[in-house]
Amino acid sequence: MTTNIAPQTNTAPAATRTPTKAAPPVRRKKRNDEELSGSTGSRLLKHIVLIAFGIIMLYPLLWMLVSSLRPNDEIFREAGLWLTTFEISNYTEGWNALQSPFGHYMINSMIVVVGSIIGNLVSCSMAAYAFARLKFRRRNLLFAIMLMTIMLPIHVIIVPQYIIFSELGWVNTFIPLVLPKLLATDAFFVFLMVQFIRGLPKELDEAARIDGCGHVRIFTRIILPLMMPALATTTIFTFIWTWNDFFSQLIYLTDPEMYTVPVALRSFVDSTATSSWGSMFAMSIVSLLPVFLVFLFGQKYLVKGIATTGIK
(Lines give C-alpha, C1' and ligand atoms only; values in the text may rest on other atoms or scores of the structure.)
Protein backbone atom coordinates (compact mmCIF):
# COMPACT_ATOMS: atom_id res chain seq x y z
CA MET A 1 0.00 0.00 0.00
CA THR A 2 1.46 3.21 -1.10
CA THR A 3 0.90 6.30 0.94
CA ASN A 4 1.16 9.64 -0.83
CA ILE A 5 2.48 12.27 1.46
CA ALA A 6 1.45 15.73 0.27
CA PRO A 7 4.03 18.50 0.65
CA GLN A 8 3.42 20.74 3.58
CA THR A 9 2.32 24.19 2.73
CA ASN A 10 2.18 27.30 4.83
CA THR A 11 -1.48 27.60 5.67
CA ALA A 12 -1.11 30.36 8.19
CA PRO A 13 -3.36 33.27 7.51
CA ALA A 14 -1.86 36.26 5.84
CA ALA A 15 -2.50 38.40 8.88
CA THR A 16 -0.27 36.18 11.05
CA ARG A 17 2.68 36.14 8.63
CA THR A 18 5.74 38.07 9.61
CA PRO A 19 6.21 40.85 7.01
CA THR A 20 9.56 41.18 5.33
CA LYS A 21 11.39 44.20 6.66
CA ALA A 22 12.02 46.68 3.85
CA ALA A 23 15.39 48.28 3.46
CA PRO A 24 15.49 51.85 4.78
CA PRO A 25 15.41 54.50 2.04
CA VAL A 26 18.75 56.01 1.11
CA ARG A 27 18.82 59.62 2.09
CA ARG A 28 20.89 61.57 -0.36
CA LYS A 29 19.57 65.02 0.31
CA LYS A 30 22.55 66.00 2.41
CA ARG A 31 24.95 64.61 -0.15
CA ASN A 32 23.17 66.40 -3.01
CA ASP A 33 23.29 69.65 -1.07
CA GLU A 34 27.02 69.21 -0.55
CA GLU A 35 27.59 68.45 -4.25
CA LEU A 36 25.44 71.42 -5.25
CA SER A 37 27.33 73.77 -2.95
CA GLY A 38 30.64 72.38 -4.20
CA SER A 39 29.67 72.82 -7.88
CA THR A 40 28.37 76.34 -7.16
CA GLY A 41 31.63 77.22 -5.44
CA SER A 42 33.70 75.88 -8.34
CA ARG A 43 31.60 77.77 -10.89
CA LEU A 44 31.93 80.95 -8.84
CA LEU A 45 35.70 80.50 -8.70
CA LYS A 46 35.86 79.93 -12.47
CA HIS A 47 33.83 83.08 -13.12
CA ILE A 48 36.07 85.11 -10.84
CA VAL A 49 39.18 83.85 -12.66
CA LEU A 50 37.63 84.54 -16.08
CA ILE A 51 36.58 88.05 -15.05
CA ALA A 52 40.10 88.73 -13.74
CA PHE A 53 41.68 87.57 -17.00
CA GLY A 54 39.11 89.57 -18.98
CA ILE A 55 40.02 92.74 -17.06
CA ILE A 56 43.72 92.09 -17.70
CA MET A 57 43.09 91.63 -21.42
CA LEU A 58 40.87 94.70 -21.64
CA TYR A 59 43.21 96.94 -19.66
CA PRO A 60 45.25 98.18 -22.69
CA LEU A 61 42.04 99.10 -24.51
CA LEU A 62 40.62 100.83 -21.45
CA TRP A 63 43.90 102.67 -20.90
CA MET A 64 43.86 103.87 -24.50
CA LEU A 65 40.28 105.06 -24.08
CA VAL A 66 41.18 106.96 -20.90
CA SER A 67 44.37 108.34 -22.49
CA SER A 68 42.35 109.73 -25.38
CA LEU A 69 40.70 112.03 -22.82
CA ARG A 70 43.95 113.23 -21.22
CA PRO A 71 46.36 116.01 -22.21
CA ASN A 72 49.54 114.91 -24.00
CA ASP A 73 51.79 115.71 -21.05
CA GLU A 74 49.77 113.43 -18.71
CA ILE A 75 49.30 110.38 -20.91
CA PHE A 76 52.50 108.54 -20.01
CA ARG A 77 52.62 109.81 -16.43
CA GLU A 78 49.52 107.93 -15.35
CA ALA A 79 49.17 104.16 -15.68
CA GLY A 80 45.81 104.04 -13.95
CA LEU A 81 42.32 104.45 -15.34
CA TRP A 82 41.24 107.39 -13.19
CA LEU A 83 40.63 110.66 -15.03
CA THR A 84 41.68 113.93 -13.40
CA THR A 85 41.03 116.03 -16.51
CA PHE A 86 38.62 115.57 -19.40
CA GLU A 87 40.09 116.57 -22.79
CA ILE A 88 37.38 116.07 -25.40
CA SER A 89 39.39 118.31 -27.72
CA ASN A 90 41.61 115.34 -28.61
CA TYR A 91 38.76 114.00 -30.74
CA THR A 92 38.03 117.26 -32.52
CA GLU A 93 41.71 118.02 -33.11
CA GLY A 94 42.48 114.46 -34.21
CA TRP A 95 39.59 114.45 -36.67
CA ASN A 96 41.03 117.47 -38.51
CA ALA A 97 44.74 117.07 -37.70
CA LEU A 98 45.81 115.49 -41.00
CA GLN A 99 45.64 116.70 -44.57
CA SER A 100 42.03 115.52 -44.87
CA PRO A 101 39.37 114.87 -42.24
CA PHE A 102 39.68 111.47 -40.63
CA GLY A 103 36.37 110.44 -42.17
CA HIS A 104 38.08 110.55 -45.59
CA TYR A 105 40.48 107.80 -44.52
CA MET A 106 37.64 105.75 -43.06
CA ILE A 107 35.88 105.94 -46.45
CA ASN A 108 39.08 104.74 -48.14
CA SER A 109 39.28 101.81 -45.75
CA MET A 110 35.62 101.00 -46.36
CA ILE A 111 36.22 100.90 -50.13
CA VAL A 112 39.05 98.42 -49.68
CA VAL A 113 37.04 96.36 -47.18
CA VAL A 114 33.92 96.14 -49.36
CA GLY A 115 35.98 95.17 -52.41
CA SER A 116 37.84 92.52 -50.42
CA ILE A 117 34.63 91.08 -48.99
CA ILE A 118 32.98 90.82 -52.41
CA GLY A 119 36.13 89.28 -53.88
CA ASN A 120 36.46 86.66 -51.17
CA LEU A 121 32.79 85.72 -51.23
CA VAL A 122 32.70 85.25 -54.99
CA SER A 123 36.08 83.66 -55.70
CA CYS A 124 36.48 81.53 -52.58
CA SER A 125 32.97 80.10 -52.81
CA MET A 126 33.49 79.11 -56.45
CA ALA A 127 36.87 77.54 -55.71
CA ALA A 128 35.40 75.70 -52.72
CA TYR A 129 32.58 74.27 -54.84
CA ALA A 130 35.09 73.05 -57.41
CA PHE A 131 37.20 71.29 -54.78
CA ALA A 132 34.20 69.83 -52.94
CA ARG A 133 31.90 68.74 -55.78
CA LEU A 134 33.74 68.63 -59.11
CA LYS A 135 35.97 65.75 -60.15
CA PHE A 136 39.07 66.65 -62.11
CA ARG A 137 42.62 65.41 -62.41
CA ARG A 138 44.99 66.04 -59.51
CA ARG A 139 42.26 67.61 -57.42
CA ASN A 140 43.73 66.37 -54.14
CA LEU A 141 47.21 67.56 -55.11
CA LEU A 142 45.97 71.03 -55.98
CA PHE A 143 43.96 71.15 -52.77
CA ALA A 144 47.05 70.24 -50.75
CA ILE A 145 49.09 72.93 -52.53
CA MET A 146 46.32 75.43 -51.77
CA LEU A 147 46.45 74.50 -48.09
CA MET A 148 50.23 74.89 -48.04
CA THR A 149 49.85 78.54 -49.07
CA ILE A 150 48.30 79.22 -45.65
CA MET A 151 51.77 78.74 -44.14
CA LEU A 152 53.35 81.13 -46.66
CA PRO A 153 54.10 84.53 -45.06
CA ILE A 154 52.99 87.63 -46.92
CA HIS A 155 56.54 89.01 -46.72
CA VAL A 156 57.65 86.30 -49.15
CA ILE A 157 55.24 87.25 -51.91
CA ILE A 158 54.97 91.00 -51.37
CA VAL A 159 58.12 91.78 -53.39
CA PRO A 160 57.15 89.94 -56.61
CA GLN A 161 53.60 91.24 -56.27
CA TYR A 162 54.85 94.79 -55.90
CA ILE A 163 57.02 94.42 -59.02
CA ILE A 164 54.07 93.13 -61.04
CA PHE A 165 51.68 95.86 -59.87
CA SER A 166 54.37 98.51 -60.38
CA GLU A 167 54.91 97.41 -63.98
CA LEU A 168 51.16 97.61 -64.54
CA GLY A 169 51.04 101.11 -63.03
CA TRP A 170 48.67 100.11 -60.24
CA VAL A 171 50.77 101.28 -57.29
CA ASN A 172 49.09 104.01 -55.22
CA THR A 173 45.67 102.65 -56.13
CA PHE A 174 43.28 100.28 -54.40
CA ILE A 175 43.64 97.65 -57.13
CA PRO A 176 46.60 95.76 -55.56
CA LEU A 177 44.63 95.50 -52.31
CA VAL A 178 41.39 94.23 -53.89
CA LEU A 179 42.42 92.31 -57.02
CA PRO A 180 44.09 89.37 -55.18
CA LYS A 181 40.84 88.78 -53.29
CA LEU A 182 39.08 88.19 -56.63
CA LEU A 183 41.55 85.38 -57.38
CA ALA A 184 40.81 83.25 -54.27
CA THR A 185 44.19 83.88 -52.68
CA ASP A 186 42.89 83.47 -49.11
CA ALA A 187 43.25 79.72 -48.72
CA PHE A 188 41.75 79.77 -45.23
CA PHE A 189 38.34 80.82 -46.54
CA VAL A 190 38.50 78.29 -49.37
CA PHE A 191 39.20 75.54 -46.86
CA LEU A 192 36.41 76.83 -44.61
CA MET A 193 33.86 76.66 -47.41
CA VAL A 194 35.10 73.30 -48.72
CA GLN A 195 34.53 71.76 -45.30
CA PHE A 196 31.06 73.28 -45.16
CA ILE A 197 30.06 72.06 -48.63
CA ARG A 198 31.32 68.56 -47.87
CA GLY A 199 28.90 68.48 -44.95
CA LEU A 200 25.92 69.05 -47.25
CA PRO A 201 24.19 65.90 -48.55
CA LYS A 202 25.00 65.05 -52.15
CA GLU A 203 21.41 63.92 -52.66
CA LEU A 204 20.51 67.58 -53.11
CA ASP A 205 22.89 67.82 -56.07
CA GLU A 206 21.57 64.59 -57.57
CA ALA A 207 17.95 65.72 -57.26
CA ALA A 208 18.78 69.04 -58.93
CA ARG A 209 20.69 67.22 -61.68
CA ILE A 210 17.66 65.03 -62.37
CA ASP A 211 15.61 68.19 -62.80
CA GLY A 212 18.07 69.33 -65.46
CA CYS A 213 20.27 71.68 -63.45
CA GLY A 214 23.93 72.07 -64.34
CA HIS A 215 26.78 72.99 -62.05
CA VAL A 216 26.03 76.71 -62.32
CA ARG A 217 22.42 76.35 -61.22
CA ILE A 218 23.30 73.79 -58.54
CA PHE A 219 25.87 76.18 -57.12
CA THR A 220 23.75 79.32 -57.26
CA ARG A 221 20.37 77.84 -56.27
CA ILE A 222 21.23 74.89 -54.04
CA ILE A 223 24.68 75.21 -52.50
CA LEU A 224 25.05 78.97 -52.17
CA PRO A 225 21.84 79.57 -50.15
CA LEU A 226 22.86 76.81 -47.73
CA MET A 227 26.32 78.35 -47.27
CA MET A 228 25.10 81.43 -45.44
CA PRO A 229 26.87 80.60 -42.12
CA ALA A 230 30.20 80.08 -43.92
CA LEU A 231 29.68 83.22 -46.01
CA ALA A 232 28.90 85.25 -42.89
CA THR A 233 32.06 83.96 -41.21
CA THR A 234 34.11 84.89 -44.28
CA THR A 235 32.56 88.37 -44.31
CA ILE A 236 33.34 89.05 -40.65
CA PHE A 237 36.92 87.78 -40.81
CA THR A 238 37.62 89.64 -44.06
CA PHE A 239 36.27 92.86 -42.61
CA ILE A 240 38.38 92.64 -39.45
CA TRP A 241 41.59 91.54 -41.18
CA THR A 242 41.34 94.06 -44.02
CA TRP A 243 40.33 96.96 -41.78
CA ASN A 244 43.32 96.31 -39.49
CA ASP A 245 45.79 95.57 -42.29
CA PHE A 246 48.75 97.93 -42.14
CA PHE A 247 51.68 96.32 -43.93
CA SER A 248 50.28 95.84 -47.44
CA GLN A 249 48.43 99.17 -47.37
CA LEU A 250 51.62 100.95 -46.32
CA ILE A 251 53.50 99.33 -49.23
CA TYR A 252 51.04 100.17 -52.00
CA LEU A 253 49.60 103.52 -50.86
CA THR A 254 51.99 106.48 -50.95
CA ASP A 255 49.66 109.41 -51.66
CA PRO A 256 48.20 110.84 -48.42
CA GLU A 257 44.84 111.19 -50.16
CA MET A 258 44.80 107.40 -50.65
CA TYR A 259 45.68 106.53 -47.06
CA THR A 260 43.49 104.09 -45.18
CA VAL A 261 42.84 104.19 -41.43
CA PRO A 262 45.93 102.20 -40.26
CA VAL A 263 48.29 104.25 -42.45
CA ALA A 264 46.62 107.51 -41.41
CA LEU A 265 47.05 106.66 -37.73
CA ARG A 266 50.77 106.27 -38.33
CA SER A 267 50.88 109.90 -39.50
CA PHE A 268 50.17 111.06 -35.94
CA VAL A 269 53.55 109.68 -34.81
CA ASP A 270 56.50 111.83 -35.93
CA SER A 271 60.05 110.80 -35.06
CA THR A 272 61.41 114.28 -35.70
CA ALA A 273 58.75 116.42 -34.02
CA THR A 274 56.26 116.20 -31.18
CA SER A 275 53.83 113.32 -31.57
CA SER A 276 50.16 113.97 -30.93
CA TRP A 277 49.48 110.96 -28.74
CA GLY A 278 46.12 112.17 -27.47
CA SER A 279 44.78 112.70 -30.99
CA MET A 280 46.17 109.37 -32.14
CA PHE A 281 44.53 107.51 -29.27
CA ALA A 282 41.27 109.33 -29.91
CA MET A 283 41.25 108.38 -33.60
CA SER A 284 42.27 104.84 -32.67
CA ILE A 285 39.13 104.56 -30.58
CA VAL A 286 37.09 105.92 -33.48
CA SER A 287 38.66 103.39 -35.86
CA LEU A 288 37.80 100.54 -33.49
CA LEU A 289 34.10 101.32 -33.48
CA PRO A 290 33.30 99.65 -36.86
CA VAL A 291 35.20 96.51 -35.85
CA PHE A 292 33.40 96.41 -32.51
CA LEU A 293 29.98 96.82 -34.13
CA VAL A 294 30.65 94.17 -36.78
CA PHE A 295 31.82 91.68 -34.17
CA LEU A 296 28.93 92.56 -31.83
CA PHE A 297 26.16 92.04 -34.38
CA GLY A 298 27.87 89.19 -36.24
CA GLN A 299 29.01 87.12 -33.28
CA LYS A 300 26.23 84.55 -33.52
CA TYR A 301 26.85 84.08 -37.26
CA LEU A 302 30.58 83.75 -36.58
CA VAL A 303 30.06 81.02 -33.98
CA LYS A 304 27.49 79.23 -36.14
CA GLY A 305 29.74 79.34 -39.18
CA ILE A 306 32.71 77.90 -37.33
CA ALA A 307 30.57 75.22 -35.67
CA THR A 308 29.01 74.01 -38.92
CA THR A 309 32.08 73.84 -41.15
CA GLY A 310 33.10 70.37 -40.02
CA ILE A 311 36.46 71.52 -38.59
CA LYS A 312 37.41 69.17 -35.75
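Counting begins at 1 with the first residue of the sequence. All values reported here derive from a predicted model rather than from experimental measurement.
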Problem set entry | Counterpart residues, side-chain contact (heavy atoms from CB on, under 4.5 Å), relative to Leu183 (two or more places apart) | Thr185
Problem set entry | Shared-cluster residues of Ile55, by chain and number - hydrophobic side chains joined below 4.5 Å | Ile51
Exercise. Just wondering, more than 12 heavy atoms not from Phe136 lying within 6.0 Å of its CZ?
Worked result: yes
For this session: Find out whether Trp63 and Phe281 are in side-chain contact, i.e. whether some heavy atom of one side chain is under 4.5 Å from a heavy atom of the other.
Result: yes
Exercise. Does Leu226 reach the side chain of Leu204, with side-chain heavy atoms less than 4.5 Å apart?
Worked result: yes
Exercise. Under the 6.0 Å and 45° cation-pi test, does Arg198 pair with Phe143?
Worked result: yes
Exercise. Can you name the residues that form a salt bridge (Lys or Arg N to Asp or Glu O under 4.0 Å) with Arg70, not counting sequence neighbours?
Worked result: none
Output a table of donor-acceptor pairs, distance under 3.5 Å, between side-chain atoms of residues 284-298 and any protein atom two or more places apart or on a different chain; print 'none' if there are none.
unit_1 : atom_1 : unit_2 : atom_2 : d
Ser284 : OG     : Met280 : O      : 2.7
Ser287 : OG     : Met283 : O      : 3.3
Ser287 : OG     : Ser284 : O      : 2.7

Problem set entry | Considering all heavy atoms, the nearest Phe189-Cys124 contact | CB-SG, 4.0 Å
Problem set entry | Close side-chain approach of Val261 to Gln249, heavy-atom, < 4.5 Å | no
For this session: Please examine the side chains of Thr238 and Val113, heavy atoms only from C-beta on, and report whether any two atoms are closer than 4.5 Å.
Result: no
In residues 154-167, what donor-acceptor pairs under 3.5 Å come from side-chain atoms, sequence neighbours left out?
none

Exercise. Would you call Ser109 and Met106 a side-chain contact if the rule is heavy atoms closer than 4.5 Å?
Worked result: no
Exercise. Can you list the residues that meet the side-chain contact (heavy atoms from CB on, under 4.5 Å) rule with Val122, with sequence neighbours excluded?
Worked result: Ile118, Met126
Seminar exercise, completed: Separation between CZ (Phe219) and OH (Tyr129), nearest 0.5 Å, reads 8.5 Å
Exercise. Could you give the distance from OH (Tyr91) to OG (Ser68), rounded to the nearest 0.5 Å?
Worked result: 3.0 Å
